[in-house]
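See below for the structure under consideration.
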Amino acid sequence: MSKFVKGTIILLAAGMMTRILGFINRVVIARSIGEEGVGLYMMTYPAFILAVTIIQLGIPVAVSKRIAEAEALGEHRKIKKIFALSLFITLALSFLVTPVLYFGAPYLTEALFTDQRALYPLQTIAPVLPIVAASSVIRGYFQGKQNMLPSALSQLIEQLVRIFLLLALTRLFVPYGPEYAASAAMLAIIGGEFLSCLYLAGLFKIKKAFQLRKNFFRSLKNSRAEFRELMAIALPATGSRLIGSVSWFIEPIVVTQSLALAGVSAVAATKQYGILTGLALPLLLLPSFITAALSTSLVPAISEAASLKNYYLAEHRIQQALKFCLITGAASVVIIFTLAEPLMAILYRSTSGTIFIQIMAPLFLFQYFQGPLLATLQALDAARAAMVNSLIGAVAKTLLIFLLASRPNIGINGVALAMATGTVLVTLLHLATILKIIPLSINLRFYGKVASLAVAAGIFGHLAYPYFLGETTPLFAILLSIAAIAAAYIFLLLATKTVYLKELTGWFRNFFFRH
């Protein structure tokens, strides 16, 4: 098995496990710190992600690519230069951004957030930035060496430690109030990042082919060429991510200010936003690990076809990807929509977010297309167009949040609708951009047929759930209902010859185990 195939399988498996553990982490947070605590956590977490985006500056991707190139040419001295320069840049940025975030937190919470209790979790998370900076560069180093295992294991370690610390710390801090409970969740992030970084640093010390401490600063001399090479990749790569991070940072500010105009108190706005983004949204995003794995494999598949000017093959692979997204996405949406209330109850011990799932789920089908479409654009060298699409979607979503959430008769439900609408807009823009490059025929009849069969399976599951609930526990009733919906859905797809069994297995084999 080649390094590429082995690395892909490792990353796909780790990605799935990390997504599941990340969801468990969200469930533990919701159960441990309450809806207000989740609101404060979700209000400040985007600021942390924006800070991470700034300090990383796309460097990890650039490190991976440039080290891989230097490794192929046997330029070991250049590898040391690239690594030392990258570590210096990210750490320097982190030491600049950390005090800005920490000492600027009072201003952010007072001027931008309506709930000033967000100060404590925001200041708590600031010191983790240097740790994140070091970890990201070491991960990029190992990926450049085509050794994917350290990156995969470090992510698993981070999530497991975070869950353990959440359970331990929240019990101590919850009695002091939601702001302290949210701060405990931030401390859990620091603990997870620290042990993950410790693992990576230890492995780097064992595996490295050079002494890092010896002449470290001397390695930075005469490294202008390496700096330009890193920035040539890093700056374009961080564009779309920066747009997303800024949009996410602005989102809770616009939401809370809009709800304040609608007459909602700061405490109630924090609680409502926490329910939407901390409870409902993670459940809707959980199935996306399937299409995320597809996106990873789609980039080389489309790139290969495009480089050979074989646009028929490229179109065929895009069509396969879209059909796969439709088949899996429709099933996911129907299951989550149909069983929204019992799923919320069993996972979070609260049904408060049910209405948000019912508003967002039908439109959220487009979310499962977005990742593969973005991957296709990247494979077709249209990353800049994808960035513009993301910017348009972010601006439209923000404006829509303000227009809807500020109306007293709509409120937080308008935020949910705006988020879903923004997702639909970006997905359609990505598709329109692809159509300009590669003409695609969209079989609307097929899409409508699959959607209809999914709805029929959902109705069957809706009717079956009360029967299962009367015969067993709520958890098993949910599991049996999911199985019933899936079985009915697959039966209808095959019975109506909408898809064939050979076609389904072919998609899976081509995208996830393709050499």
Side-chain angles (χ1 to χ4, degrees), residues 283-295 297-298 301-302 314-340 343 357-376 420-421 423-432 434-435 438-465 480-512:
L283 184 58
L284 286 165
L285 287 171
L286 179 62
S288 63
F289 76 84
I290 300 171
T291 53
L294 171 62
S295 301
S297 298
L298 197 58
I302 301 296
E315 180 191 2
H316 175 67
R317 286 173 175 169
I318 295 169
Q319 292 282 16
Q320 280 187 314
L322 293 178
K323 286 183 179 180
F324 187 86
C325 291
L326 176 66
I327 297 294
T328 57
S332 301
V333 164
V334 164
I335 288 170
I336 293 172
F337 182 88
T338 303
L339 302 172
L343 279 170
I357 289 178
Q358 292 172 341
I359 291 171
M360 298 177 74
L363 295 176
F364 225 73
L365 176 61
F366 287 84
Q367 174 67 34
Y368 305 128
F369 288 94
Q370 195 173 119
L373 289 176
L374 176 59
T376 300
T421 304
T423 296
V424 173
L425 177 60
V426 174
T427 303
L428 292 178
L429 286 172
H430 284 347
L431 180 60
I434 292 171
L435 289 173
I438 298 178
L440 297 174
S441 56
I442 307 297
N443 189 344
L444 295 178
R445 184 179 177 183
F446 173 80
Y447 281 69
K449 190 175 181 181
V450 171
S452 300
L453 296 178
V455 170
I459 293 171
F460 174 71
H462 177 72
L463 297 173
Y465 176 73
L480 289 171
S481 298
I482 292 173
I485 293 171
Y489 180 58
I490 293 171
F491 171 77
L492 289 171
L493 287 174
L494 296 176
T496 58
K497 296 183 179 179
T498 305
V499 296
Y500 296 92
L501 184 61
K502 185 178 180 180
E503 189 177 14
L504 285 175
T505 56
W507 290 343
F508 184 85
R509 183 177 62 254
N510 287 339
F511 283 119
F512 299 118

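On a predicted model such as this, the values are computed, not experimentally measured, just so you know.
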task = Calculate, to the nearest 0.5 Å, the distance between atoms CG and OG belonging to Leu435 and Ser441 respectively.
result = 10.0 Å

request  = Output the distance between atom OG1 (Thr338) and atom CD1 (Ile335), rounded to the nearest 0.5 Å.
outcome  = 8.0 Å

query = To the nearest 0.5 Å, what is the distance between CD (Gln319) and CG (Asn443)?
reply = 8.5 Å

query = Roughly how far, to the nearest 0.5 Å, is CG of Leu339 from CD1 of Ile485?
reply = 4.5 Å

key: Considering all heavy atoms, the nearest Thr496-Leu493 contact   = OG1-O, 3.5 Å

Donor-acceptor list for residues 454-462 side chains, cut-off 3.5 Å, not counting sequence neighbours:
none

Closest contact, heavy atoms only, Leu363 versus Val424 = O-CG2, 3.7 Å

query = Under 4.5 Å between any side-chain heavy atoms of Val450 and Tyr489, yes or no?
reply = yes

task = Sequence neighbours left out, what passes side chain to side chain donor-acceptor pair (under 3.5 Å) with Ser452? Give chain and number order.
result = none

Name every donor-acceptor pair, under 3.5 Å, that has one atom in a side chain of residues 364-371 and the other anywhere in the protein, sequence neighbours excluded.
{"from": "Tyr368", "atom 1": "OH", "to": "Leu284", "atom 2": "O", "distance (Å)": "2.8"}
{"from": "Gln370", "atom 1": "NE2", "to": "Thr423", "atom 2": "O", "distance (Å)": "3.3"}
{"from": "Gln370", "atom 1": "NE2", "to": "Thr427", "atom 2": "OG1", "distance (Å)": "3.2"}

request  = Any chance you could measure Leu283, atom CG, to Leu343, atom CG, to the nearest 0.5 Å?
outcome  = 5.5 Å

ask   = For Phe446 and Leu326, what are the C-alpha separation, side-chain angles and deciding distance, and is it a side chain to side chain contact (heavy atoms under 4.5 Å, CB included)?
value = CA-CA 10 Å; Phe446 173 80; Leu326 176 66; 3.7 Å; yes

ask   = About how many Å separate CD1 of Ile434 and CG of Leu373, when rounded to the nearest 0.5 Å?
value = 4.5 Å

